[in-house]
Amino acid sequence: MVQRKRVMGALVTATVFMSLVAGCGAKTTETTSATTAPQATKAAEAAKAGDGKVVVGFSQIGAESGWRGAETQSIQDTAKADPTIDLKFSDAQQKQENQIKAIRSFIAQKVDVIAMAPVVETGWEAVLKEAKDAKIPVILVDRGIDKKNEDLYTSFIGSDFIVEGQNAAKAMAEHLGDKGNIVELEGTVGASAATDRKKGFDDEIKKHPNIKIVKSQSGDFNRATGKQVMEAILKSPEGKDIQGVYAHNDDMALGAIQAIEEAGKKPGSDVKIVSIDGIKEAFEAVKAGKLNTVVECNPLLGPQLFQAAKDLKAGKQLPKWIKSNEDVFTGQKAIDALPNRKY
Ligand code: AHR
């Protein structure tokens, strides 16, 4: 009888845990060292969240770009290689509501640290207050949230998107010899990566009065939308006379390159292209003469994330912003760097 009660207890715990995860409406996977235990036992074990490991729940935005794929890979690979880490990974499939559900699930599982790449900057207050009340530190990875909620997270690991935008503008001005009409393909509306890359670029380009942004539109950080938006712009009156395209990420630039070629123009020469990220395909496009400058944004954040999580568990203080080191690649410099690109 006692034995039966114990089995029932374990099953209830496992069911509660699994419905929490299933309730996320997003893909949640676990990267743990225990792979052979039957599912119910595994779930019950995970529900205990502890056994000496640092348990990290990470809510990823989705898989909208090559850069995002590289970031996911870096986080999953780093966790797999480290026996002291227990990663609970959740893919929000581009939806903020899925990220919020995942964070609530991590809180219920009593993870040590919550990490997330916030799809947009606003709308996090309530759920991050819940994490704070549960005394679970939150690390923002790669994208930020609005400034008024800075007390709701411990640390941000990632790039300076404003500087990336400024660097893109400097490169564009050089390619254009200081004059011309350009199109800006923006990232996801409301994402810090889009807002700040726009601010950095637009402010810097204003220093060049003979360069005009004739059209600025979101391509949602993905290749297919980038291509569609560029096709429409090329058919519009503003699109008839353009000499440059600035894309907030490589995927949209690669989509735009296809659209420009299909419209009978030469990307890289008729229309100069500058984009941000630094995926291999963008370097290949530079080599092919179709893309002019790639501003690097580092997605390989796994090692920094888990070091930060371990430090937090050990009671150490983290800097508010752990910045990535990045470079700018034009012409031969990009071609030389291509064989060693890691993503
Ligand atoms: O937040 C970083 C941006 O998000 C990357 O530039 C882009 O490719 C991704 O989707």
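In each ligand, atom 1 is the first atom listed, and ligand 1 is the first ligand listed. Not measured: the values here are computed from a predicted model.
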Could you tell me, atom by atom, which parts of ligand 1 come under 4.0 Å of a heavy atom of R68?
1 (O), 2 (C), 3 (C), 4 (O), 9 (C), 10 (O)
For ligand 1, which part of R197 has a heavy atom less than 4.0 Å away: the side chain, the backbone, both, or neither?
side chain
Rounded to the nearest 0.5 angstrom, the OG1-CG distance for T330 and L291 is 9.5 Å
Checking heavy-atom distances from atom 2 (C) of ligand 1 to each of D196, D142, T188, the winner is D142
Quick test of your reading: applying ring-ring contact (aromatic ring centres under 6.0 Å, His included), list the pairs with at least one residue in residues 316-343, sequence neighbours left out, ordered by first then second residue.
F156-W321, F283-F329
Given D250, D277, V141, V295, which has its nearest heavy atom closest to atom 6 (O) of ligand 1?
D277
Starting at OG1 of T72, measure out to CD1 of I75 and round the result to the nearest 0.5 Å.
6.5 Å
List ligand 1 atoms under 4.0 Å from S65, heavy atoms only on the residue side.
7 (C), 8 (O), 9 (C), 10 (O)
Apply salt bridge (charged side-chain N to carboxylate O under 4.0 Å, His left out) to E326 and list each qualifying residue two or more places apart in sequence or on a separate chain.
none
Check ligand 1 against E64 and write out every atom of the ligand that is under 4.0 Å from a heavy-atom position of the residue.
4 (O), 9 (C), 10 (O)
Value for OG (S192) from CZ (F161), rounded to nearest 0.5 Å, stands at 5.0 Å
How far is atom 7 (C) of ligand 1 from its nearest protein heavy atom, and which residue and atom is that?
N249 ND2, 3.5 Å
Close-contact set for ligand 1 against A193 heavy atoms, below 4.0 Å:
1 (O)
